[in-house]
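Here is the structure we will look at, set down as structure tokens.
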Amino acid sequence: MLSIEQIVNDPEFVRQKLVDRGEDPPIDQIIELDSQRRALVHEGDELRAKRNEVSRGGRPSPEQIAEMRSVGERIKTIEVEQEEIQGKLHELLIVLPNLPKDAVPVGADEESNIVVRDGSARVERDFEVEPNWDFAERTGIFDLPAGANMSGARFYVLKGKGAALQRALSDWMLDVHTREHGYIEIAPPFMIRSEAMTASGNLPKFADTMFHDEEDDLWLIPTAEVTLNYLHAGEIIDPGRLPLKYVAHTPCFRRERTAAGRDTRGIKRVRQFEKVEMFQFVDPKYSEGVLDEMIADAIDLCERLGLPWRLLALATGDISFQSAQTFDLEVWAPGSQEWLEVSSLSDCTDFQGRRSNTRFRPEGGGSPGYVNSLNGSGLALPRIVIAILENYQQADGTVSIPEVLRPYTGFDSIG
RNA sequence: GGAGGGGUGGCCGAGUGGCUUAAGGCGCCUGUCUUGAAAACAGGUAUGCCCGUGAGGGCAUCGCAGGUUCGAAUCCUGUCCCCUCCGCCA
């Protein structure tokens with residue numbers, strides 16, 4: 001949610017930032033509605049003040065009761081109007097995305113994304129790397145038909161060493177983040193209410209990308225971000241407790257209503273996958289550099305796994321709804337011959353704090369402010385599995401397990 | 001799923017239609033006293049919004065949302081959450 005004060009005080013700045021994202025924001029209408037709202041609030045307050053004054057002395061006279069009856073009716077009318085205006089205002093504001101930061105490349109889509117760092121030392125191989133789906137079918141570590149059979153397209157089953165590899169990865173990632181990067185591990189629910197989904201920015205605009213249970217009105221989480229963001233909803237966090245750094249390993253459920261045939265091979269784009277998610281609540285005063293820190297935390301995992309990676313600065317037209325700045329971390333898959341997005345790291349400024357009403361008390365006192373929130377995968381598991389199967393393939397057709405994972409897998413090769 | 005009990009400020013807790021502008025206690029902050037501290041005493045101690053350059057003034061909020069009333073923490077309805085018991089259950 002954008003701040004109404006900012007829209008009213010600096011309308012042209014806000015308009016330009018949203019135009020950069022490809023939006024056509026109804027700024028003038030918002031300002032007009034807010035001015036109407038203010039007038040109604042003022043009139044209502046004055047009438048209520050009058051009524052309170054009369055009520056304060058005990059039982060009023062019959063004349064006063066008659067007068068207050070009409071005052072009460074006018075208050076009711078104003079309240080109805082006010083509710084209508086505020087409803088319209090809320091509808092307009094709740095669908096406006098966050099404002100991109102100045103550093104974000106301006107551009108309509110992913111064509112304008114910029115590779116800002118490249119950590120990929122290409123390894124020359126004297127054999128052809130088998131794509132992960134072929135390797136997995138040959139060795140039996142994925143069972144794609146079984147997944148499709150029980151759940152439909154874009155569901156999959158991991159078997160044997162495939163399942164163990166994924167489990168080793170998530171355990172290892174959580175250990176690195178909690179023991180070395182300073183995150184607190186959270187095991188959240190995988191289904192949440194509409195309020196929480198709205199607070200993260202996934203509702204109301206992206207309802208059709210998620211799974212929903214009608215009977216209890218619960219949504220399956222598309223990422224742990226939506227749960228971590230709501231962890232302190234409605235709270236005023238005590239001074240000195242920020243930053244709060246959380247990490248969670250959860251399944252992620254997405255409808256993936258993309259064009260049929262796109263990214264259909266293997267487990268790259270699926271309707272349920274596992275992910276380790278990093279999340280931070282910070283004092284806006286100290287938010288500088290936090291995104292870089294989280295990027296470093298994600299890159300650290302790629303480095304330790306020995307995977308070639310690169311970092312992209314996403315353009316204004318490609319960052320997500322709640323984000324003010326996003327970097328994508330990709331790893332190279334030499335068998336499928338493509339870059340795989342394994343983490344998307346975003347600074348959401350105070351956009352989610354405002355929607356979840358998560359505030360903090362500044363050090364040294366003063367009135368509360370909205371927290372800043374940042375999130376990023378650390379990392380998405382199926383794609384890391386893919387990257388390991390292709391980067392660690394040997395000439396004899398086996399895959400060796402990265403050193404750091406061996407204490408977790410208990411085996412050192414597949415195939 | 002069924003039956004019952006409950007939700008009041010940072011915490012505890014009183015409050016069954018109007019002297020409630022939410023008592024009282026605890027905690028915290030400031031001051032007096034003290035060499036310092038404790039104790040005692042005095043004052044202060046929520047959030048949001050509106051008006052005002054400001055000093056300041058006003059409105060709302062007793063889980064949440066509606067309703068009844070001149071007037072609601074208090075009465076009514078719905079809803080969320082917590083507790084006890086029954087049922088079901090890894």
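Below, chains carry the letters A, B, ... as their sequence lines are ordered, and counting in each starts from 1. Computed from a predicted model, the values in this text were never measured in an experiment. Heavy atoms only: backbone and side chains are in, while hydrogens, waters and symmetry mates are out.
- Using the Watson-Crick or G-U wobble rule with both distances under 3.5 Å, B/C89 pairs with nothing in any strand shown.
- As rounded to whole Å, 21 Å separates atom P of B/G48 from atom NE2 of A/H42.
- Distance A/L40 CG to B/C51 P: 12 Å, rounded to the nearest Å.
- Within 6.0 Å of CD on A/E288 lie no more than 12 heavy atoms contributed by other residues, nucleotides or ligands.
- Nearest-nucleotide mapping onto RNA chain B: of A/R51 and A/G44, the residue sitting toward the 5' end is A/G44.
- Considering only side-chain N and O atoms, A/R193 lies under 4.0 angstrom from the phosphate OP1 or OP2 of B/C81.
- As rounded to the nearest Å, B/C19 and B/U32 have C1' atoms that lie 34 Å from one another.
- In this model, the phosphate group of B/C59 is approached by a side-chain N or O of A/N52 to a distance below 4.0 Å at OP1 or OP2.
- Remark: the separation of the C1' atoms in B/A55 and B/G48 is 22 Å, to the nearest Å.
- The gap from the C1' atom of B/G67 to that of B/A72 amounts to 11 Å, rounded to the nearest Å.
- Between A/E79 atom CD and B/A60 atom P the separation is 10 Å, expressed in whole Å.
- Atom CD of A/E235 has more than 12 heavy atoms from other residues, nucleotides or ligands within 6.0 Å.
- Between the C1' atom of B/C70 and the NZ atom of A/K76 lies a distance of 13 Å, rounded to the nearest Å.
- Judged by Watson-Crick or G-U wobble contacts below 3.5 Å, the nucleotide B/U34 has no partner.
- Regarding A/R361, its CZ atom lies at a distance of 8 Å from the P atom of B/G48, rounded to whole Å.
- With salt bridges taken as basic N to acidic carboxylate O contacts below 4.0 Å, one links A/E12 and A/R15.
- Side chain of A/P368, nearest nucleotide from B/C70, B/C50, B/G48: B/G48.
- For the C1' atoms, the distance from B/G13 to B/G25 is 8 Å, rounded to whole Å.
- Applying the Watson-Crick and G-U wobble criteria (two distances, each under 3.5 Å), B/C49 pairs with B/G58.
- Distance CD (A/E53) to P (B/C19): 15 Å, rounded to an integer number of Å.
- Neither OP1 nor OP2 of B/G71 sits under 4.0 Å from any side-chain N or O of A/R69.
- Comparing B/C12 with B/C50, their P atoms are spaced 32 Å from each other, to the whole Å.
- Both the sub-6.0 Å distance and the 45° axial angle are not jointly satisfied by A/K205 relative to the ring of A/F321.
- Checking A/E32 against A/Q36 by side-chain atom types alone, a donor-acceptor pair falls below 3.5 Å.
- Atom CD1 in A/I4 sits roughly 15 Å away from atom C1' in B/G48 (whole-Å rounding).
- One interatomic measurement links the two molecules: CE of A/M68 to P of B/G18, which rounds to 19 Å at whole-angstrom precision.
- Nucleotides of RNA chain B nearest to A/I236 and A/K50 differ in position, and the one nearer the 5' end is that of A/I236.
- Base pairing annotation: B/G43 forms a Watson-Crick or G-U wobble pair with B/C29, both donor-acceptor distances under 3.5 Å.
- Of all nucleotides listed (B/C70, B/C50, B/U47), B/U47 comes nearest to the side chain of A/R359.
- Straight-line distance between the C1' atoms of B/U69 and B/U77: roughly 16 Å, to the nearest whole Å.
- The base-pairing partner of B/G78, taking Watson-Crick or G-U wobble contacts with both distances under 3.5 Å, is B/C64.
- In this model, the phosphate group of B/C50 is approached by a side-chain N or O of A/R37 to a distance below 4.0 Å at OP1 or OP2.
- Here B/A72 sits opposite no nucleotide as a Watson-Crick or G-U wobble pair (both hydrogen-bonding atom distances under 3.5 Å).
- For the pair A/N357 and B/G48, the criterion of a side-chain N or O lying under 4.0 Å from OP1 or OP2 is not met.
- A/D217 CG: more than 12 foreign heavy atoms inside a 6.0 Å radius.
- For B/G4, the paired nucleotide is B/C83, the pair qualifying as Watson-Crick or G-U wobble because both relevant distances are below 3.5 Å.
- At a threshold of 4.0 Å, the pair A/E23-A/R21 does not count as salt-bridged, since none of the basic side-chain nitrogens sits closer than that to a carboxylate oxygen.
- Between the P atoms of B/U16 and B/A73, the separation comes to 13 Å (whole Å).
- Rounded to whole Å, the separation between the P atoms of B/G63 and B/G7 comes to 8 Å.
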